[in-house]
Amino acid sequence: MSVGREFDIVLFGATGFTGGLTAEYLAANAPNGCRWALAGRNEAKLEALRSRLAAINPACASLDLLLADATDAASLRAVAARSRTVVTTVGPYLNYGEPLVAACADEGTDYLDLTGEPEFVDRMYLGYHERAVASGARIVHCCGFDSIPADLGAYYTVRQLPSDAPIKVQCYMSVSAAFSGGTYHSAITAFSRMREMASVAGRRRQSEGDPEAGRRVHGVKGLPRYEKTVDSWVLPAPIIDPQVVLRSARVLEEYGPDFSYGHYLAVRRLPTAAALVGGVGAAVAIAHVPPARRWLLGRMQPGDGPGPEKRAKSWFRARFVADSGGRRVLTEVSGGDPGYDETAKMLAESALCLAFDDVPKVAGQLTTAVAMGSSLIDRLKRAGMTFRVAGEHAAV
């Protein structure tokens, strides 16, 4: 267990683009008395970041700097041993993430990341879930736009409904923003490893088993269509969000005896929808050809990101339609720039939530809904994100 550690939070990868935004958020919003530190492999860059943070909050001039490398297990173990919570923005996680997960699982240190990589999450479950349960560590992946709006949005939605009847939830996600370099690299890597991803997912399903007796949890794979509820064309989204939501539902009884979930990208114009389908299909095909994959990966680099003016114009909105017991509830989760500003906010608030809030006494690999639930929703609402009930009426 992590009682009596030197730091409450250590941010690893702080000198990258998203890591820097997360550090700036903590500098402006961490409570007095929060003991946090910056970690990375380049001391000069860490010192420059610390100076930048001191302009936001003079107390940051004394932040500790910890040298650690994603490829050096001993340095990561030393960081994990000194902190109650370690936050990492170093991806793609399939390439660089496992040693830090291992260190935190062994040291009983809470771990948070921004991954949207299904294969990485499944591999970490198979390798470290039981070790984390034994040590008391909470391993929480997907603490940014992947997958907090979907996971906590579904959790918020089902809590508006009785838990003794079947619940059907559909999420329609609308986004206006640029991809991050890290997200782009993770997606291309995932497209190139579809077979491996499916194999690891199957092994995880066998390891996890079924939900408790009498409960059923399943995903809905809908077809592209026009959805009048949200006045948009909707496309099944091949991302990690529905997997995360369904894992929350398997654990939490609030999701009812029979829970189903569908996840879609919503766009207003049919030509845009067609272009997205074609573009994703082409990327999946090209990613399997090594020279073409290298060309794709060279288009953007992890750490690349837009400036403040472009981020200020970006936004996301997740609309949930839930049917249960003859009732239909409409809810919405929304915020600003999803890939950077809101992601940094979500990651930082997740770390503060685990470090300081009264959250469930659980351990192992967990979702944000299971690990933090309403406490994190309350934090994000105070930080400016919207969680609201948009309507309620008899089910159609």
Side-chain angles (χ1 to χ4, degrees), residues 112 114-116 140-163 167-177 217-220 222 227 229-230 232 234-237 239-256 259-267 314-324 327-339 341-343 345-347 349-350 353 359 366-392:
L112 300 167
L114 292 173
T115 190
V140 190
H141 303 289
C142 309
C143 294
F145 184 61
D146 297 317
S147 298
I148 280 180
D151 190 33
L152 292 186
Y155 175 82
Y156 175 83
T157 301
V158 300
R159 287 174 64 86
Q160 313 302 318
L161 297 164
S163 60
I167 299 174
K168 177 182 178 181
V169 176
Q170 296 183 87
C171 173
Y172 304 103
M173 185 71 72
S174 302
V175 178
S176 176
V217 173
H218 55 105
V220 176
E227 175 57 52
T229 308
V230 292
S232 298
V234 299
L235 312 170
I239 55 178
I240 198 171
D241 288 6
Q243 299 173 34
V244 173
V245 171
L246 293 172
R247 285 172 187 143
S248 296
R250 292 167 69 90
V251 175
L252 299 173
E253 293 185 356
E254 292 99 318
Y255 290 71
F259 177 80
S260 66
Y261 181 77
H263 191 91
Y264 305 88
L265 179 64
V267 296
S314 299
W315 55 267
F316 77 89
R317 179 174 57 171
R319 289 167 287 183
F320 298 83
V321 181
D323 295 312
S324 178
R327 293 172 56 204
R328 168 165 286 187
V329 173
L330 309 177
T331 65
E332 182 178 300
V333 178
S334 61
D337 173 55
D341 294 338
E342 297 292 55
T343 279
K345 176 190 298 181
M346 288 184 264
L347 182 62
E349 290 291 353
S350 295
C353 186
V359 294
L366 310 162
T367 66
T368 54
V370 174
M372 293 170 274
S374 296
S375 294
L376 184 52
I377 290 175
D378 290 343
R379 278 187 166 275
L380 294 174
K381 288 169 69 175
R382 290 194 297 270
M385 281 179 56
T386 297
F387 289 76
R388 72 183 185 95
V389 176
E392 181 175 350

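Sequence positions, counted from 1, serve as the residue numbers for this chain.
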*Asks:* Checking Ser350 against Met372 for the side-chain contact (heavy atoms from CB on, under 4.5 Å) test, could you report, in this order, the C-alpha distance in whole Å, the side-chain angles of both residues, the deciding distance, and whether it holds?
*Replies:* CA-CA 8 Å; Ser350 295; Met372 293 170 274; 4.1 Å; yes

*Asks:* What heavy-atom pair brings Val245 and Ala150 nearest, and what distance separates the two atoms?
*Replies:* CG2-O, 3.6 Å

*Asks:* For a 4.5 angstrom cut-off between non-hydrogen side-chain atoms, does Leu246 reach Phe259?
*Replies:* yes

*Asks:* Hey, are the side chains of Asp146 and Asp241 touching, using non-hydrogen atoms and a 4.5 Å cut-off?
*Replies:* yes

*Asks:* Would you compute the distance between atom CD of Glu227 and atom OG of Ser232 and round it to the nearest 0.5 angstrom?
*Replies:*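 Taking CD in Glu227 and OG in Ser232, the distance rounds to 9.0 Å.
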
*Asks:* Are the side chain of Asp151 and the backbone N or O of Ala369 linked by a donor-acceptor pair below 3.5 Å?
*Replies:* yes

*Asks:* Check whether any side-chain heavy atom of Ser314 sits under 4.5 Å from a side-chain heavy atom of Ser176, and report yes or no.
*Replies:*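 The answer is no, as the side chains (C-beta and beyond) never meet within the 4.5 Å cut-off.
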
*Asks:* Backbone N or O of Ala383 within a donor-acceptor pair of the Lys345 side chain at under 3.5 Å?
*Replies:* yes

*Asks:* Got a donor-acceptor contact below 3.5 angstrom from the Glu342 side chain to the Gly336 backbone?
*Replies:* yes

*Asks:* Shortest non-hydrogen contact from Cys142 to Ile240?
*Replies:* SG-CD1, 3.8 Å

*Asks:* Do the non-hydrogen side-chain atoms of Leu380 and Leu152 ever get within less than 4.5 Å of each other?
*Replies:* yes

*Asks:* Go through it in stages, so that I can follow the logic: the residues are Thr229 and Arg328, the test is side-chain contact (heavy atoms from CB on, under 4.5 Å), and I'd like the CA-CA distance, side-chain angles, deciding distance and then a yes or no.
*Replies:* CA-CA 11 Å; Thr229 308; Arg328 168 165 286 187; 4.1 Å; yes

*Asks:* Let me confirm one number: the CG-NE2 distance from Leu366 to His141, rounded to the nearest 0.5 Å.
*Replies:* 9.5 Å

*Asks:* Closer than 3.5 angstrom, by distance alone: can the side chain of Thr367 be matched with the main-chain N or O of Val370 as a donor-acceptor pair?
*Replies:*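 Pair found, side chain donor or acceptor close to backbone of Val370.
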
*Asks:* Using the test salt bridge (charged side-chain N to carboxylate O under 4.0 Å, His left out), find all partners of Arg379 that sit at least two apart in sequence or belong to another chain.
*Replies:* Glu349, Asp357

*Asks:* Roughly how far, to the nearest 0.5 Å, is CD1 of Ile377 from CD1 of Ile148?
*Replies:* 10.0 Å

*Asks:* Between Ser375 and Cys353, which heavy-atom pair has the shortest distance, and what is it?
*Replies:*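 That closest heavy-atom pairing would be CB-SG, 3.8 Å.
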
*Asks:* Are Val329 and Leu161 packed together at the side-chain level, in the sense that at least one heavy-atom pair is separated by less than 4.5 angstrom?
*Replies:* yes

*Asks:* Atom OG1 in Thr331, atom OH in Tyr156: separation rounded to 0.5 Å?
*Replies:*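 Atom-to-atom, Thr331:OG1 and Tyr156:OH are 7.0 Å apart.
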
*Asks:* Under the 3.5 angstrom rule, does the side chain of Thr157 hit a backbone N or O of Tyr155 as a donor-acceptor pair?
*Replies:* no

*Asks:* Going through the distances and angles, do Glu332 and Arg319 end up as a salt bridge (Lys or Arg N to Asp or Glu O under 4.0 Å)?
*Replies:* CA-CA 5 Å; Glu332 182 178 300; Arg319 289 167 287 183; 5.5 Å; no

*Asks:* What's the separation between atom OG in Ser163 and atom CG in Leu252, rounded to the nearest 0.5 Å?
*Replies:* 11.0 Å

*Asks:* Decide side-chain contact (heavy atoms from CB on, under 4.5 Å) for Met385 and Val333; before the verdict, give the C-alpha distance in whole Å, the side-chain angles of both, and the deciding distance to 0.1 Å.
*Replies:* CA-CA 7 Å; Met385 281 179 56; Val333 178; 4.0 Å; yes

*Asks:* Checking ring pair (Phe, Tyr, Trp, His ring centres under 6.0 Å) against Tyr172, which of Tyr264, Phe320, Phe316 comes through?
*Replies:*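 By the ring pair (Phe, Tyr, Trp, His ring centres under 6.0 Å) criterion, Tyr172 pairs with just one of Tyr264, Phe320, Phe316: Tyr264.
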
*Asks:* Could you grab the distance from atom CE of Met346 to atom CG of Asp341, nearest 0.5 Å is fine?
*Replies:* 10.0 Å

*Asks:* Tell me, do Phe145 and Leu114 make a side-chain contact under 4.5 Å, heavy atoms counted?
*Replies:*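 Sidechains of Leu114 and Phe145: no contact.
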
*Asks:* Evaluate side-chain contact (heavy atoms from CB on, under 4.5 Å) for Leu347 paired with Leu112, printing each intermediate quantity in order.
*Replies:* CA-CA 8 Å; Leu347 182 62; Leu112 300 167; 4.2 Å; yes

*Asks:* With the side chain counted from C-beta on, respond yes when Met173 and Pro149 share a heavy-atom pair under 4.5 Å apart, and no when they do not.
*Replies:* yes

*Asks:* What are the two closest non-hydrogen atoms of Ser147 and Val244, and how far apart are they?
*Replies:*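 That would be OG-CG2, 3.7 Å.
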
*Asks:* Heavy atoms only: give me the nearest Tyr255-Ala154 pair and the separation to one decimal.
*Replies:* OH-C, 4.2 Å

*Asks:* On a heavy-atom basis, which atom in Gly256 and which in Ile167 lie closest, and how many Å separate them?
*Replies:*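 Taking every non-hydrogen atom into account, N-CD1, 4.4 Å.
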
*Asks:* May I ask you to test the Val389-Gln160 pair for a side-chain heavy-atom distance under 4.5 Å?
*Replies:*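 They are in side-chain contact.
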
